[in-house]
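What follows is a short report on a single structure.
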Amino acid sequence: MASRAQLISQLQADVPQLNGWPAEAQYAQAVTDAIADLGRRLPRQSWATIELVSGTASYALPADFLRAVAFSTPVYQNGVIIGDDGLIPVGIRPRERWQIAAGQITITPTPAASSSRELRYAALDVLDEDEDTYATLDAVRAQLAMLKARAIVLALQAAKAGRDAWVSELGPEKVDKTKQAAELRASAAMYETQYSQALADQAGPYGTRS
C-alpha cells in the first residue's frame, strides 16, 4: 500500500521547485500520471468472479480493469449447461462470444443459466480516494512510478526554463538559462531511460501478479 500524499512529498524532495516551479498541483498530477503510465505499461495480474444471471447479458467490470486476459467458459456436458440454478438443455454447445466496452463485459448469446465465471485480467493501480492510498502499489511498483514522476517534473522545469530563456534572449542571462533547460531535459531523459529499463526488467507474460 502506498500513500499518495507521501509519494507527492517524496517527489518534491527528490526534484525541488526551481524558481517556484512546478506548483504543488503539478507534483500531484505527476504522481497520478506516473502511476497511470505504470499501470498501462506494466499491469498487474488480477482475477474477478463475474456472477452471471440467466437472461442478463452485460456486467460491470472491476474498477481496476485494464484489459481482459481470459474468461472462463460455461460448464457443458452431454447437451446441457450446468449452472448454479440447475441443468439447462441446449443441445449443441452454443458458441459464446464476449465483448468489452464502456466498463462492461457483454456476453453473446445472453446466458441461459446463472453461474460464477472467472475473469482474468490486466489491472491498474487505482486510488482509494477515501484513504488517499493505492492499495496495490507495493514498494517495487512505487519505486518504478517515482522514476517516471521525476522525469515528468524535470520535463516541466525544462520547458519553463526554455520559455524563460526565450523571453530574455536579449538579456545577459540567455546562455545560462538555455544551458539550464538543456541540463534539465537531459536529467528528465535519464530518468525516462531508467524507467523504461526497469519496466523491461520487471515485465513478464502478463505483467506483475497482484
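The basis for the numbers below is simple: all heavy atoms, side chains too, and nothing from hydrogens, waters or symmetry mates. As the structure is a computational prediction, the values presented were derived from the model and not from experiment.
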Is there a side-chain contact between Q202 and V140 in this structure, where contact means two heavy atoms from C-beta onward sitting under 4.5 Å apart? yes
Without swapping roles, check the side chain of R117 against the backbone of I50 for a donor-acceptor pair under 3.5 Å. no
Just how far is it from atom CG of L52 to atom OG of S114, taken to the nearest 0.5 Å? 8.0 Å
Under a 4.5 Å cut-off applied to non-hydrogen side-chain atoms, are I107 and T56 in contact? no
Locate the shortest heavy-atom distance separating A151 from E192; write the atom from each residue and the value. CB-OE1, 3.7 Å
What closest approach, in Å, do Y195 and L144 show between heavy atoms, and which atom pair accounts for it? CD1-O, 3.2 Å
Under a 4.0 Å N-O cut-off, is there an ion pair linking D33 with K148? no
Approximate separation, where rounding is to 0.5 Å, of Q26 CD and Q157 CD: 11.0 Å
Do P111 and S54 have side chains that get closer than 4.5 Å, going by heavy atoms? no
Between Y121 and F65, what is the ring plane arrangement, given parallel below 30°, perpendicular above 60°, and tilted in between? tilted
Answer whether the closest heavy-atom distance between the side chains of R67 and P43 falls below 4.5 Å. yes
Shortest non-hydrogen pair, A155 vs A188, comes out as N-CB, 3.8 Å
Inspect the contact between D138 and R141 and indicate whether a charged nitrogen and a carboxylate oxygen are less than 4.0 angstrom apart. no
Quick check: does any side chain N or O of Y27 sit under 3.5 Å from a backbone N or O of Q17, one acting as donor and the other as acceptor? yes
More than 12 foreign heavy atoms under 6.0 Å from CD of Q99: is that the case here? no
Ignoring hydrogens and geometry, is there a side-chain-to-backbone donor-acceptor pair from T32 to A28 under 3.5 Å? yes
Polar side-chain atom of Y59 near backbone of V53 as donor-acceptor pair, under 3.5 Å: yes
Indicate, with yes or no, if W21 and V31 share a hydrophobic cluster defined by side-chain heavy-atom contacts under 4.5 Å among Ile, Leu, Val, Met, Phe, Trp and Tyr. no
Side-chain heavy atoms under 4.5 angstrom apart, residues restricted to Ile, Leu, Val, Met, Phe, Trp, Tyr: same cluster for L154 and L18? yes
Could you state whether M190 and L199 fall into the same hydrophobic cluster, counting links through intermediate Ile, Leu, Val, Met, Phe, Trp or Tyr residues with side-chain heavy atoms under 4.5 angstrom apart? yes
Would you give the length of the straight line joining atom CD of Q29 to atom CD of E24, rounded to the nearest 0.5 angstrom? 13.0 Å
Quick one: does any side-chain atom of S72 pair with a main-chain N or O of E118 as donor and acceptor, under 3.5 Å? yes
Can you give me the closest heavy-atom contact between A30 and A149, atom names plus distance? O-CB, 4.1 Å
Shared hydrophobic cluster, L124 / I152 (ILVMFWY, side-chain heavy atoms < 4.5 Å): no
Have T136 and D125 got a donor and an acceptor in their side chains that come within less than 3.5 Å? yes
Donor on one side chain, acceptor on other, S116 and E51, under 3.5 Å: yes
Would you check if R4 and L127 make a side-chain contact, meaning some heavy-atom pair closer than 4.5 Å? yes
Could you see if I100 belongs to whatever hydrophobic cluster contains V126? Use Ile, Leu, Val, Met, Phe, Trp, Tyr and a side-chain cutoff under 4.5 Å. no
Tell me which donor-acceptor pairs under 3.5 Å the side chains of residues 5-15 have, and how far apart each pair is, sequence neighbours excluded?
{"residue": "S9", "atom": "OG", "partner": "A5", "partner atom": "O", "Å": "3.2"}
{"residue": "D14", "atom": "OD2", "partner": "R150", "partner atom": "NE", "Å": "3.1"}
{"residue": "D14", "atom": "OD2", "partner": "R150", "partner atom": "NH2", "Å": "3.1"}

Would you compute the distance between atom CG of L38 and atom CG of L137 and round it to the nearest 0.5 angstrom? 7.0 Å
Taking all heavy atoms of D64 and all of S46, pick out the closest pair and write down the distance. OD2-OG, 4.4 Å
Any donor-acceptor pair under 3.5 Å linking the side chain of Q104 with the backbone of A60? no
Check whether any side-chain heavy atom of I105 lies under 4.5 Å from a side-chain heavy atom of F71, and answer yes or no. yes
Quick check against the 3.5 Å criterion: does T106 have a side-chain atom that pairs as donor or acceptor with the backbone of A57? no
Main-chain N/O of D128 paired with E131 side-chain donor or acceptor, under 3.5 Å: no
